[in-house]
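Data first, discussion second: the structure below is written as structure tokens.
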Amino acid sequence: MGVIGPIETGDAKRYTEGFEAGVMATNPNAKVSVTWTGSYSDVSLAAETARTMIKAGADVLTGTSQMVIGAIGVAKKEGAIWFGYDVDQAPHAPQIVVSSVVVDWTVALRPMIALIQDGTMGETVFDLTLENGGLKIAVNAEGLVGKTIDGIINGDIKVGE
Amino acid sequence: MNKVLAGFVLVALIVSSVAILGMAAPFKVAFVTPSTVNDSAWSQSMYDALVAIQNEMGEDNFQFVYSENSSLSPMRPRRYATTPARATTSSSRTGHSTVSRWLTSPPTFRTRRLPGVRRRTRSRIRESPTSSPISRFPSRADTLMECWRRSCRKAA
């Protein structure tokens, strides 16, 4: 598996570490390759990194920042699976995107606005979590996971009693 | 997974707070982003959130403008900080100058025309191209000009 990150800091670092932890919890024998490109916006560099990772045997890719649009294009062309981040990235490649971590900033913006309107400036840290709705998992309905979920719901896929 | 936002998103700017002629002033936000609002990443997620907030509060109560592809100019958030916005959102990269300014001196609110500022309208949603990776770096002309300014032509 390959992770294409911009700079090893902030939410990119957290996401990468979380993804690695998830992979290793699922399969301790899996190999995760992480590349920090040093750029948030270098689309071509992200694409080249993805190409290199796939050539080295990566089946699954993910990444953060606006540069990953290049990596998604390569993954789509090469048939590698992609996990998205920030927004639902399935529309770019419905065939290969499994799911995306969607960041909902309104969870932080609402209290920020209220604080400012009350005259309180700064000095408050807001967390975005799955629990408070700041992070959501958008499953690609057209992908394998989405179709599997739909199949279980409508009975096309039989599960154990 | 938690996501800590401190220093990442919102820089509050001081402004005269409440009433003009007995009516509450709208909450104004300036959004400065290094890419585009349809970049399928951070900028789009923040833009979507601002649109959602505006839909909740109404355009009379919440207004925002945005400027895209601003990574070439770290001074741009500073310029925003001199305008009558109540808050500025910016990425971790372009926001630093705004943070510094706010922490060291209260902003003034001179009204001026800002280059590259767009008032958010529904018609502009999703129509911008993806930002160019090249735009982050100074051009050769810029480098040469800087060299010339520093009188290093002889060294070159």
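- A side chain to side chain donor-acceptor pair (under 3.5 Å) check over residues 92-103 of chain A, counting only residues at least two apart or in different chains, returns the pairs A:H92-B:S40.
- Put simply, B:F27 and A:V107 are part of the same group of oily side chains (I, L, V, M, F, W, Y) that touch within less than 4.5 Å, one to the next.
- Note that the CH2 atom of A:W105 and the CG atom of B:D48 stand 12.5 Å from one another [nearest 0.5 Å].
- A continuous path of ILVMFWY side-chain contacts below 4.5 Å connects A:I137 to A:V3, so both sit in one hydrophobic cluster.
- Following chains of ILVMFWY side-chain contacts shorter than 4.5 Å, one can reach A:M24 starting from A:F19, so the two form part of one hydrophobic cluster.
- Residue pairs meeting the side chain to side chain donor-acceptor pair (under 3.5 Å) criterion with at least one member in residues 130-145 of chain A, sequence neighbours excluded, are A:D104-A:K136, A:T129-A:N132.
- What you find for B:A41 and A:S65 is that their closest heavy atoms are CB-C, 3.5 Å.
- Separation of atoms CH2 (B:W42) and CG (A:D11) is listed at 9.5 Å; rounding is to 0.5 Å.
- Connection of A:W82 to A:L45 is not established within any shared hydrophobic cluster, with ILVMFWY side chains joined at heavy-atom distances below 4.5 Å, either directly or through further cluster members.
- For the pair A:L109/B:M46, a side-chain contact is recorded, criterion being any heavy-atom separation below 4.5 Å from C-beta on.
- The CD1 atom of A:I69 sits 11.0 Å away from the OG atom of B:S35 when rounded to the nearest 0.5 Å.
- For A:T106, the parts lying under 4.5 angstrom from a heavy atom of chain B are both the backbone and the side chain.
- Separating the CD atom in A:Q66 from the OG1 atom in B:T33 is a distance of 7.0 Å, to the nearest 0.5 Å.
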